[in-house]
Amino acid sequence: MKKLIYYISIVLTLAACQNNEDIWMKDTPSGKESLVTITMSPIEAAYSDIITRGVEDYTGETIQELLYSLQYIVTDADSNFVARGTLTTEDIADFQSLNLSLDMGHYTLYMLGEGLNTSLMHTTEELREPATINDMWYHNIRFQPVRREVFYAQQEFTVDGSGIEIALDVELRRQVGMLDINVECSDETFKFIGLNLLIPDAYAANYMTVDGQFGFDMNDTDGTGFYWKKNIGYGNAPIPVEGETYRARFFMFPTLADYMGENVPSIIFTYLLGTDENNLYNKEISLKDLKIEANHVTTINITVE
């Protein structure tokens, strides 16, 4: 009887060892590393559909011509960050390719480029430090539209363990729309005072996540119902162009499809007209059908008669 018990004990021990070996084998990477070489395709430099044109300040199609900085994140099949980094303006100037050595597995590359073109003179960094693909990567400053153009790319790829070099050609796409406000008046007594653009809370996105999703952060409101109260004027008037036309322009993330609020976008326009300094006028312009789309220009024309 004692021999039988001893025999069974040995069998169970051997089986346990075999199971541990199987588990160890599954957790151990197999195959060879591959060098992943990432190059950049030309960037579409013109906004499409509504008005097809380049942006006047910076035009071109290379990252050297359009980008201020470029961030990248690589995740594995479980969405864990396995590589990340930032290319500064100096890095971009000499950029040829990005080279990463990766083990066998399935990966996703995410890239976020900040454009040289800015909406405002006092540009502030709006990037976050995400820890997951669902975290905010780019978040708007309170009461301000997007200050820089934002470009984005997402691409999946597989390292098969053969050790063969993998070449990825990545195309960045513009993720913001441009609002172009033109004010025109032929009366020589016209004096521009100010223009307020009001965008309701959650009407347009104020952040973008690593995986390219847009959303609105309800913690970043002040109870007025309007997230953006962009003032143009009072020392920051639109720049005169083409004679009597004044132009103001800035970037914004796209409109959110599920906006259900009562407020609609509008413009409050203030100006003087005539020789009497008391001839102060306020004009409210409803932008009920305003649609902000990525890589599009939406032009709003205001004529003072």
Side-chain angles (χ1 to χ4, degrees), residues 33-47 53-76 80-102 107-133 135-141 144-157 159 165-178 206-212 239 249-253 294-295:
E33 280 189 347
S34 283
L35 177 64
V36 181
T37 301
I38 301 166
T39 55
M40 307 301 297
S41 295
I43 300 173
E44 182 183 9
Y47 287 90
R53 66 163 185 263
V55 180
E56 282 81 351
D57 294 345
Y58 292 93
T59 59
E61 59 180 17
T62 67
I63 63 172
Q64 286 79 14
E65 293 170 307
L66 292 175
L67 295 190
Y68 163 79
S69 72
L70 178 63
Q71 290 205 12
Y72 66 89
I73 293 173
V74 178
T75 63
D76 61 18
N80 298 311
F81 288 18
V82 297
R84 67 187 305 173
T86 300
L87 301 181
T88 65
T89 305
E90 292 74 19
D91 297 327
I92 291 172
D94 299 322
F95 180 83
Q96 297 295 324
S97 64
L98 181 64
N99 301 302
L100 304 172
S101 293
L102 296 173
Y107 298 93
T108 304
L109 169 69
Y110 304 94
M111 283 189 160
L112 178 67
E114 287 190 284
L116 286 163
N117 222 12
T118 62
S119 298
L120 305 171
M121 294 299 292
H122 53 290
T123 305
T124 304
E125 300 295 340
E126 297 171 297
L127 292 174
R128 299 291 181 93
E129 288 292 331
T132 74
I133 61 171
D135 287 346
M136 296 179 193
W137 201 353
Y138 199 97
H139 186 284
N140 293 351
I141 300 296
Q144 298 288 0
V146 176
R147 296 166 189 247
R148 293 191 188 277
E149 287 188 283
V150 179
F151 298 86
Y152 180 76
Q154 181 180 148
Q155 189 164 329
E156 296 181 359
F157 63 96
V159 176
E165 182 177 340
I166 298 171
L168 295 180
D169 191 39
V170 179
E171 180 184 9
L172 290 166
R173 294 178 179 272
R174 186 182 280 106
Q175 295 298 296
V176 296
M178 175 179 279
N206 68 355
Y207 72 81
M208 187 183 74
T209 58
V210 173
D211 61 354
I239 300 172
R249 53 179 35 170
F250 46 90
F251 310 111
M252 297 185 75
F253 278 134
N295 204 37

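Contact of the Met111 side chain with the Ile38 side chain is registered, since non-hydrogen atoms from C-beta on lie closer than 4.5 Å. Proximity of Phe151 to Ile63: side-chain heavy atoms (C-beta onward) are nowhere separated by under 4.5 Å. Inter-residue side-chain proximity for Ser69 and Thr88 is flagged as unmet; no heavy-atom pair is nearer than 4.5 Å. Here the side chains of Arg84 and Glu129 are in contact, with some heavy-atom distance below 4.5 Å. By the 4.5 Å heavy-atom criterion applied to side chains, Leu70 and Leu172 are counted as neighbours.
Residues passing the side-chain hydrogen bond (donor to acceptor under 3.5 Å, both in side chains) test with Glu125 are Tyr68, sequence neighbours excluded. In this view, Arg173 and Glu171 satisfy the salt bridge (charged side-chain N to carboxylate O under 4.0 Å, His left out) rule, not counting sequence neighbours. Qualifying side chain to side chain contact (heavy atoms under 4.5 Å, CB included) partners for Gln96, counting only residues two or more places apart in sequence or in other chains: none. Looking at residues two or more places apart in sequence or on another chain, you find no salt bridge (charged side-chain N to carboxylate O under 4.0 Å, His left out) involving Glu90. For Thr86, the side-chain hydrogen bond (donor to acceptor under 3.5 Å, both in side chains) test picks out no residue, with sequence neighbours left out. Scored by the ring pair (Phe, Tyr, Trp, His ring centres under 6.0 Å) test, Tyr107 finds Phe157 as partners (sequence neighbours excluded).
Glu156 CD: 12 or fewer foreign heavy atoms inside a 6.0 Å radius.
A pairwise comparison of heavy atoms in Glu114 and Leu127 identifies OE1-CD1, 3.5 Å as the closest pair. The two residues Ile166 and Ser34 make their nearest non-hydrogen contact at CD1-CB, 4.2 Å. Contact between Tyr110 and Thr75 at its shortest, heavy atoms only, is CE1-OG1, 3.6 Å. The two residues Glu65 and Glu61 make their nearest non-hydrogen contact at OE1-N, 2.9 Å. Taking both residues in full, the closest heavy atoms of Ala294 and Arg174 are given as CB-O, 3.7 Å, listed atom of the first, atom of the second, then distance.
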Would Tyr138 and Val146 count as a side-chain contact (heavy atoms from CB on, under 4.5 Å) if you check the C-alpha gap in whole Å, the side-chain angles of each, and the deciding distance to 0.1 Å? CA-CA 9 Å; Tyr138 199 97; Val146 176; 3.9 Å; yes
Arg128 vs Trp137, test: side-chain contact (heavy atoms from CB on, under 4.5 Å). Steps then yes/no. CA-CA 5 Å; Arg128 299 291 181 93; Trp137 201 353; 5.6 Å; no
List the steps and the verdict of side-chain contact (heavy atoms from CB on, under 4.5 Å) for Val150 and Phe251. CA-CA 9 Å; Val150 179; Phe251 310 111; over 6 Å; no
Passes side-chain contact (heavy atoms from CB on, under 4.5 Å), Val170 versus Leu98? Steps please. CA-CA 11 Å; Val170 179; Leu98 181 64; over 6 Å; no
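Note that CD1 of Ile43 and CG of Leu67 are 4.5 Å apart. Values are rounded to the nearest 0.5 Å. Note that the OG1 atom of Thr89 and the CG atom of Leu116 stand 6.5 Å from one another [nearest 0.5 Å]. The OG1 atom of Thr209 lies 9.5 Å from the CE atom of Met136; values are rounded to the nearest 0.5 Å. Within the model, atoms OG1 of Thr118 and CZ of Arg148 stand 6.5 Å from one another, a figure rounded to the nearest 0.5 Å. Atom CD1 of residue Ile141 and atom CG of residue Asn206 lie 10.5 Å apart, to the nearest 0.5 angstrom. Residue Leu112 holds its CG atom at 8.5 Å from CD of Gln175, rounded to the nearest 0.5 Å.
In this structure, the side chain of Gln154 engages the main chain of Asp211 through a donor-acceptor pair within 3.5 Å.
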